Amino acid sequence: MDWAALVPEEAHRLRALGLEEGAQVRLAYRGVFATRDPLAVEVGRMTVALRRVHGRAMQVEVQEAMA
Amino acid sequence: MSRLPGVVALVGNPNAGKSALFNALTGARQKIANYPGVTVERKAGRMVLPSGEPLELVDLPGTYGLDTTSPDEEVTRRVIMGEQPGQARPDVLVCVLDASNLEQHLVLAQEVLELGRPTVIALNMIDLAQRDGLVLDSEALAAELGAPVVPTVAVRRRGLDDLAAAVAAVRDAAALAPPRPRPALTMPERRMMARTMARGAVLSETAVHRLHARIDQVLLHPWLGPVVLFALLFVVFQAVFSWAKPAQDGLDALFSSGSAWVKAHMAASLLRDLLTDGVIAGVGSVVVFLPQILVLFFFILMMEATGYMARAAFLMDRLMAGVGLSGRSFIPLLSSFACAVPGIMATRSITDPRDRLTTILIAPMTTCSARLPVYAVIIAAFIPARQVLPGVGLQGLVLFALYGIGIVGAMAAALVMRRTITRGAASGFIMELPKYQLPTVKDLALGLYQRAWIFLRRAGTIIFTVAIVLWLLLNFPRAEPGHDQVDASIAGHIANGLAVVVEPIGFNRDIALSLIPTMAAREVAVSSLATTYAVGATDEDARATGLVAELKHHWSLATALAFLAWFVFAPQCMSTIAVTRRETNGWKWPAFMLGYLFTLAYVFAGAVYWIAVAAGLG
C-alpha cells in the first residue's frame, strides 16, 4: 500500500474501511465510461466504491479464488 | 431518580442500522434539531427501560472511528467524550454492529470499549446475517469483548426489550463500580483482533448465497446499470408532476376558498387584504408544492433505504468527475429538481468541504418545481403549439431546452468554480456500497412526515414574513385618491428604479415590478404579473388564461424569450438563500451565489433578447 500517493484524509478513510496492508480484496464492478472509473471492490463482506487513483496506490497479489 | 433523565447514545459505523434501531426504540416521538454552531442534525427521542424509567436516546452520526475526518464524525466523538456543548455526556453507549459484517464493525466497537464507559453491544440485522448463511454465537462474542451483546433486528422490532434491559443493567452496575478505561490498541491491532473475534463468533457459515451480489450484477452492469438508472429517474420525474397534480389542485382550491371565505366574512379593510393577498396568497403559493416534494422524497427515501442511492452515486461518479465533483454530489442535485432547499440540505453527506460548497452553489441552477408555473404561462402565451417532429411538440421542446440549459449551466459553473474559488485537489470518491434491504413502511412514513414538517415550518415561516413585508411595501405609503396605489408605494418606486436597469435586456416596468415580490419565490411571478395587469378573475387557472392574452398584448416575443432565459438562472428564492446561509454559516456564500446567478441571468437574458431582436422577433 503506497499511502504517500493519497491525500491523508482519503488514506484515513480507506483504512477505516478496512482497505489496508494484508486485506483480501476482489474487484467486483467497474464504471461505465471510457476510463471505467470508479471501481467497486469487495473487502471482507463489504463493497466499497473508490477511484482508480486509489486503486493505483494498492499493490495487489493475485490469490486463488476463495470459496 | 430525581435528576434529569439519563442519556443513552447510539454509536456505530454508517450502514449499521442505527437509525432503524433508533426509530424502533423511540417511535415517532423524536426531536430533530441542529447541534449549535454546526450543521449536523441532532436526533433525540425517548426510550423506556423495563422499570418504566424514561431515558433520552441520542442517535449519533455514523462514524468509522473516533479519530475523525468529517464534521459529522467530529460531533459523534465530542458527544461521546462529553465535550459537545448543549449535550450531556451519555451515561450508556449502545454500540450498533452489523451482524453480517463483524470484521469491519468490531474495529469501532473495540475503540469505544477502550474508553471504559458503560457500553452495550447491539448485534443488529442478525436476520440479514442469517440470510447470508451466518450463524453467530453472541455469548462467545460477549466474552471476547467483555461487554453484553444483544442480538437485535431493528426493522422487525426484535431484541428491543433485551436491549433496554441490558442498558439498565450496565448503568446500574456502573453506579456501583465504574468501569475503567482499557489499554488502547493501535489500528492494525484492533483490526487483527476484530478478525479473530469475528471468526470466533461465527458458528457456521454455509455457502453464501448473497442476494445483493446478484442484484448488483444487473444494477452496476457497465451498460445495463445506467439504463436502469435513467429509466428510474424518468419514472421519478413523471411521478413528481403527475401523481402530485390532484393533491396540488386540491390544496390550491383550498387556499382560494379560504381566501374567498375571509372575503365573505370580513368587512373590506386593509387587514382583510393583508390576510387574503399577503398571508393566504403568499404562504399558499408555496404550500401547494408540498405534494411534489413528498412524492420526490418518497423516491429519494426509498432509494436511500434500499441501498440503491449509493449505486446511483457510483454510476454517476465518472460524469461528475468530469466537472471536478464526485458521485456524492449527484444525490443533492437530483433533489434540487423538486426544490433546492432539501437539495442543499442533502449536501451534508459530502465529506469534502470544497465539493460540498460547489454543490450548494450550483444547486439553484437545476430547474426546480417552482419555475414550472412561470415557464408554463410564458410558453403557453408565446410558443405556438406546433409539431416539430411526429410526437414532439415545439412547446415541449422549449421546456426541455430550459431544463437542459439549467443542467449545462450548473455543470459549467462547477467546472469554473473548481478551477477558481473552490480550487483544490480533485476530490476522491470513497463510499461503502451498503447491502440491499427492504425498507419498512414505518421508517418511510416517519421520514416523509419529518421532511414535510421541516418544509412546512421552514418555508412557511420565511414565506409568511416575506409575504407580509412585500404586501406592506406595495400598500404604503397610501396613494392620494385617484392615483395608482402601485405607483405611490415603496415597491412602485423601487420598480421604477429597477426598470432602468432591466430595460437593456428587454424587460418593461411591469416585469421589473413583478421581479420584486418574486424574490420570495419564483412562482410568485405569475400571480404578481396577473395582479399588475389587473385581470379580474380570482382563481389561478382563469387568471392564467386571462394573463396569457394580456401578455401577448403587452410583450414582444423577444421579451418573453428573455424572461424565460432570466428564470433559468435568477436565484429568486428566499428559502434557498436562507438555507444556503444556514448551511455555510454566514452571508459570504449566499451573497456570492446571488451575485453570480443574477449576473448570469442578466447576461443570458440580454443575449437572448438582442439575438431575438436581430433575428426580427422583436
Side-chain angles (χ1 to χ4, degrees), chain A, chain B residues 13 15 63-65 67-70 73 98 100-105 107-108 129 132 134 187-188 191-192 194-195 198 207-208 210 212-213 216-217 219-223 225-226 310-311 313-319 321-322 326-327 351-352 424-435:
Chain A
M1 204 74 204
D2 179 13
W3 294 116
L6 300 170
V7 186
E9 262 176 30
E10 294 178 354
H12 186 96
R13 189 154 285 271
L14 284 178
R15 252 194 216 121
L17 284 163
L19 281 158
E20 58 184 341
E21 287 89 348
Q24 292 185 339
V25 295
R26 192 177 80 84
L27 179 60
Y29 307 99
R30 306 201 56 177
V32 201
F33 303 99
T35 55
R36 310 226 56 198
D37 221 6
L39 317 172
V41 172
E42 274 177 23
V43 48
R45 293 183 155 269
M46 254 192 321
T47 313
V48 177
L50 40 81
R51 288 217 181 130
R52 287 209 320 190
V53 272
H54 307 128
R56 233 176 263 136
M58 294 170 198
Q59 239 180 34
V60 186
E61 273 173 42
V62 181
Q63 279 190 326
E64 283 309 302
M66 288 163 295
Chain B
N13 278 5
N15 306 312
T63 180
Y64 290 106
D67 177 13
T68 56
T69 52
S70 79
E73 295 179 348
D98 173 359
S100 58
N101 193 9
L102 283 178
E103 262 184 58
Q104 165 68 19
H105 287 215
V107 176
L108 176 68
D132 281 359
L134 278 178
M187 246 338 241
R191 191 159 291 283
M192 206 126 83
R195 214 165 285 158
V208 279
R210 283 192 286 175
H212 75 103
D216 270 344
Q217 269 168 19
L219 295 184
L220 293 184
H221 189 275
W223 60 266
R311 271 80 182 176
F314 178 85
L315 291 170
M316 293 303 291
D317 181 62
R318 185 64 194 87
L319 281 184
S326 83
T351 38
D352 184 301
S427 53
F429 174 65
I430 302 171
M431 191 175 185
E432 185 184 341
L433 300 179
K435 292 188 175 56

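Order of the sequence lines sets the chain letters (A, B, ...), proteins ahead of strands, with each chain counted from 1. Every value quoted in this text rests on a predicted model; they were computed, and no experiment measured them.
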B:Ala321 portion near chain A, given a 4.5 angstrom heavy-atom threshold:
both
Shorter than 4.5 Å, heavy atoms on both sides: which option in B:Val107, B:Leu108, B:Asn101, B:Asp317 has the most such pairs with chain A?
B:Asp317
Compare every heavy atom of A:Leu17 with every heavy atom of B:Arg191, then report the nearest pair and how far apart it is.
NH2-C, 4.4 Å
One pair to check against side chain to side chain contact (heavy atoms under 4.5 Å, CB included): B:Leu433 and A:Val48. What are the steps and the verdict?
CA-CA 6 Å; B:Leu433 300 179; A:Val48 177; over 6 Å; no
Can you tell me how far the CE atom of A:Met46 sits from the CG atom of B:Asn13, to the nearest 0.5 Å?
7.5 Å
Flag the pair A:Thr47 / B:Glu432 as yes when at least one side-chain heavy-atom distance between them is below 4.5 Å, and no otherwise.
no
The criterion is side-chain contact (heavy atoms from CB on, under 4.5 Å); which residues satisfy it with B:Glu103, sequence neighbours excluded?
B:Arg195, B:Ala198
Measuring only between side-chain heavy atoms, which start at C-beta, is B:Ser326 closer than 4.5 Å to A:Arg51?
yes
How far does CG of A:Leu39 sit from CZ of B:Phe314, to the nearest 0.5 angstrom?
7.0 Å
Non-hydrogen atoms of chain A under 4.5 Å away: do they reach the side chain of B:Asp67, the backbone, both or neither?
both
By side chain to side chain donor-acceptor pair (under 3.5 Å), which residues pair with B:Asp98, not counting sequence neighbours?
B:Ser100
Where on B:Gln104 is there a heavy atom nearer than 4.5 Å to chain A: the side chain, the backbone, both, or neither?
side chain
Might you point out which heavy atoms bring B:Arg318 and A:Pro38 nearest each other, and give the distance in Å?
N-CD, 4.4 Å
